[in-house]
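We name chains A, B, ... by the order of the sequence lines, and we start the count at 1 in each one.
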Amino acid sequence: MNQNHELPKTYSPGEFEDRIYKNWCDKNYFTPTIDKSKPHYSIVIPPPNITGQLHMGHALDNTLQDILIRYKRMSGFCTLWLPGTDHASIATEAKIVAAMREEGLTKEEIGREKFLERAWDWKEKYGGRIVSQLKKLGSSCDWSRERFTLDEGCSRAVKDVFIRLYEKGLIYRGERIINWCPHCLTSISDAEVEYEDQAGFFWHIKYPFTDGSGYLEFATTRPETMLGDTAVAVNPNDERYKDIVGKTLRIPLVGREIPVIADEYVETDFGTGVVKITPAHDPNDFEVGRRHDLPIINVMTPDAKIVDDYPKYAGMDRYEARKAIVEDLREQGYLIKVENYTHNVGTCYRCSTTVEPRVSMQWFVKMKPLAEPAIKAVREGDIKFVPERFDKNYFHWMENIRDWCISRQLWWGHRIPAFYCDDCGEMVITKDESAVCPKCKKAMRQDPDTLDTWFSSALWPFSTLGWPDETEDLKYFYPTSTLVTGYDIITFWVSRMIFSGLEYMGEKPFDTVLIHGLVRDAQGRKMSKSLGNGIDPLEIIEKYGADALRYALATGNSPGNDMRFSDEKIEAARNFANKLWNASRFVRMNLTVDSIELPSPEKLGIEDKWILTRFNNTVSEVRAALDRFDIGVALSLLNDFTWDIFCDWYIELSKAKLNDRENPANKITQNVIGYVLIGTLKLLHPFIPFITEEIYLSLPHSDESIMISKYPEYDSAIDFSSEAVKLDKIIDVTKSIRARRSEMNVAPSRKAKLFIATKYNDIFNEESAVFFTRLASASEVIISENFDSDERISLDEAVQVITDTATVYIPLSDIIDFEKEKERLNGERKKLLGEIERLEKKLSNEGFVAKAPAAVIDGEKAKLAKYRENLAGVDAAIEKLH
RNA sequence: GGAGGCAUAGCUCAGUUGGUUAGAGUACAUGCUUGACAUGCAUGGGGUCGAUGGUUCGAAUCCAUCUGUCUCCACCA
């Protein structure tokens, strides 16, 4: 037994949370010792960006993970929660570029090496910020295994994968049209493009035929790209244009001659059925161009300005050029009309700049062969999404997958291990940093590009465990158990981890993907910087404590659904913690025993059997809920048990014995209340780890920390269901008495005698009488089968309280309004008759009796019997009023 | 254009293979310095479970259609 201490009068989380966290770290509780005889449970953290600050999304994600991890750890699993951070190439690089701009510097001026030095400095300085914030939340990550997507091991894994895929023919380099961000100056993948509706115009333009036979009219939303037109296309089946296919047009302002071609891509019923083709600046046009072998004419610089080949517009950005070109077309009579037009425009997910499709040399991963096994794994249930519906999302994306553009024109990231010989054009893919041309024997030049950030995150579940080495960690903890993340990155990340795990490990990366929604503000809006409606989790922790924050995020929330975060919610959470704190203080100050042992059944009072039974049921229900990832349900079960069952009923019921040190049952009660409190703390620990630990250590305890104690299990030895029901009846009567008194405005201070007429003396007896004294304002409790001719009370002058097990008479004749009383009883009677009629009908329905399960029928019969008992009581009461 | 979520008390949300008199928190009303807690205790009012139809002995729950709302995917010049 450990030394225990008093709890301070007020719940002040700020005073113990950091101290407790430090203690856990010092004792290395978060670091598992691999034990092959035990089952493992592992989670890899979705690595937050090093540029990030903890926001509500992180807080939710990590709270859920910590709940699962702590639950499993206490349930005897060898548990690893592996933390780490993501280098976030584009986001980090943008920050550093911005910081340099303040100093008047550019990337190019300082060069790659110096730039990377700055980036690493920046990582050292700020990369730890988010980690320390995760600690404030109570996250029980094994920090000794912390990883970074750009650390040596992860980099080795990335190179290895790149080379393997290349050798397998699944990585290729090619000139393709890709999404280019003119602001970030890099390509971005399809998944990184966000589409938004923008108001624009539809310009109707005509190009003249070179043979002088008139003009061809069409419409475009991007007139500036006409500089790069290399054809105009119509649908081959379009009767209107049959004769002009093969003719030649001259582009106004430019003068170049281009053909009219026929391609299925053109839809006859949209616009004029004619499309100008600009292979260099539109993905569809690019495809058309390939089919027809059209030249590709790039008209823009990387920052989306017109190139020098068009002197009149050279140097103008896309939008200036558009204006100028439209003006020129108008002047020269080529502009027919302008319509308003709203269309969807792709923008960069980082900076929201409109994406400019651009033809360039990039690296790609061939996705089809990788996607197939990944689809199969989910289809066959090897990997499960919770909730299940998200697999539709996943399948849709995987089945329509396109090749993945993985090269980025950035410096901060994993540099592509491709080397080129400037002399002979030879290319070598190698881990060797100083490759030599196999033909010319000269030093080669490494590809300047880096890889998409998601390329390294895709390997996260095994690169962090040591892959490509066969480490002990990898052998034991892979595949990981549960992946917890938001639905917004299923395609970005989850799907890529799945195909990566299957391809390189030959095994799925995790069993289950637990999906959660977004944390929105109180009005249901997405939290965003621009709206300024973000709530800072650290401020919440400061004000209410980490436990309250965790509670607020975990409660009333089901997998996959968005939730709202409001002051009300966090206050309710804090109030729960406060309630638990005070209940514990009460227990603590009544405890004189120095160890808690469960008394043998014959010593237990009815209330003890009741609370133990309810506790036991709660244990099974909470475990079942957690096992199916119903975290919100589990917590609400615990809330109800703690507050309603334990505090409002059991503590009140126990006070009689607890306050009476002379009572021989006093020590029994101490042990029961201590047992249930400690069990409840353990059940609650995964959700609210700090307060439960602080309280646990103040009580007689057997483990040095609650987090390494055993999570309660269902125990048949404390299942007294049949006897516990009796206390439910006592509660029914108590509530009815209170209701009647409250209805008649009788002050609780006014005590009255209670005459209980009942045939259930196993429920209503000397032992239970005390409960009515304490909880139902009874001055004295008299129990008898009936009081019909009892001189102690005249029944027609008493308030009557009727339940199915007892009728209680309260002599309060001076305040009874008999008319009102009659009205009430008649109302009651009508209600009961209605219920009885409904049930009788149901039970005489042949279909119901024949087809419903026996348990349901028995339940309905029991209800009917109860209502009949009640009705008999009400009828008798009405009788007495006459 | 394709797919999906949500619609239950004034508000925020639970409701687990169809069987409750439909629940909680909060707000509201009334009463209470009940020796753990007013961040509390007790009592109460408040819902034809979005609409219509269907399956069933039985539907908030399953199916179909519709309405409103949010999201994801694709992107037509």
Is the Lys NZ or Arg CZ of A:Lys276 less than 6.0 Å from the centre of A:Phe218's six-membered ring, within 45° of the axis?
no
Nearest heavy atom decides the nucleotide; on that basis, is A:Asp285 or A:Val193 closer to the 5' end of RNA chain B?
A:Val193
Could you please name the option among B:U21, B:C76, B:A14 that lies closest to any side-chain atom of A:Asp282?
B:C76
Between B:A77, B:C73, B:U20, which nucleotide gets closest to the side-chain atoms of A:Trp397?
B:C73
Suppose we define a pair by two distances each less than 3.5 Å, Watson-Crick or G-U wobble; what does B:U55 pair with here?
none
Side-chain-base donor-acceptor pair under 3.5 Å for A:Tyr867 and B:U21
yes
Closest to side chain of A:Arg564, choosing from B:A77, B:U20, B:C13:
B:C13
Using atom P in both nucleotides, what's the gap between B:A22 and B:A74 to the nearest angstrom?
46 Å
Rounded to whole Å, the CZ-P distance (A:Arg838 to B:G19) equals 14 Å
Should B:G40 form a Watson-Crick or G-U wobble pair with both distances under 3.5 Å, which nucleotide is its partner?
B:C32
Does any donor atom in the side chain of A:Asp521 or A:Asn533 lie under 3.5 Å from an acceptor atom in the other side chain?
yes
C1' spacing across the pair B:A60 / B:C13, given as an integer number of angstrom:
15 Å
A:His292 side chain to A:Asp263 side chain, donor-acceptor N/O pair below 3.5 angstrom
yes
Picking from B:C57, B:C73, B:A36, which would you name as closest to the side chain of A:Asn582?
B:A36
Between A:Tyr487 and A:Asp562: side-chain donor-acceptor atoms closer than 3.5 Å:
yes
Side chain of A:Asn284 (C-beta onward), nearest among B:A36, B:A77, B:C75:
B:C75
So, A:Tyr207 versus A:Tyr334, ring centres under 6.0 angstrom or not?
no
Which residue lies more 5' along RNA chain B, comparing A:Arg574 with A:Glu568 via nearest heavy atoms
A:Glu568
Could you work out which one of B:U71, B:A36, B:U43 sits closest to the side chain of A:Tyr487?
B:U71
Per atom distances to the A:Ser742 side chain, the nearest of B:U43, B:A14, B:C75 is B:U43
Closest to the A:Lys842 side chain: B:C41, B:A77, B:U20?
B:U20
Work out how far the P atom of B:U71 is from that of B:C32, and round it to whole angstrom.
49 Å
Figure out the NZ/P separation between A:Lys9 and B:U39, and round it to whole Å.
13 Å
A:Asn845 side-chain proximity, nearest of B:A36, B:C57, B:C70:
B:C57
Inter-nucleotide P distance (B:C28, B:G23), Å rounded:
23 Å
Write down the distance separating the C1' atoms in B:G19 and B:G58, rounded off to the nearest Å.
7 Å
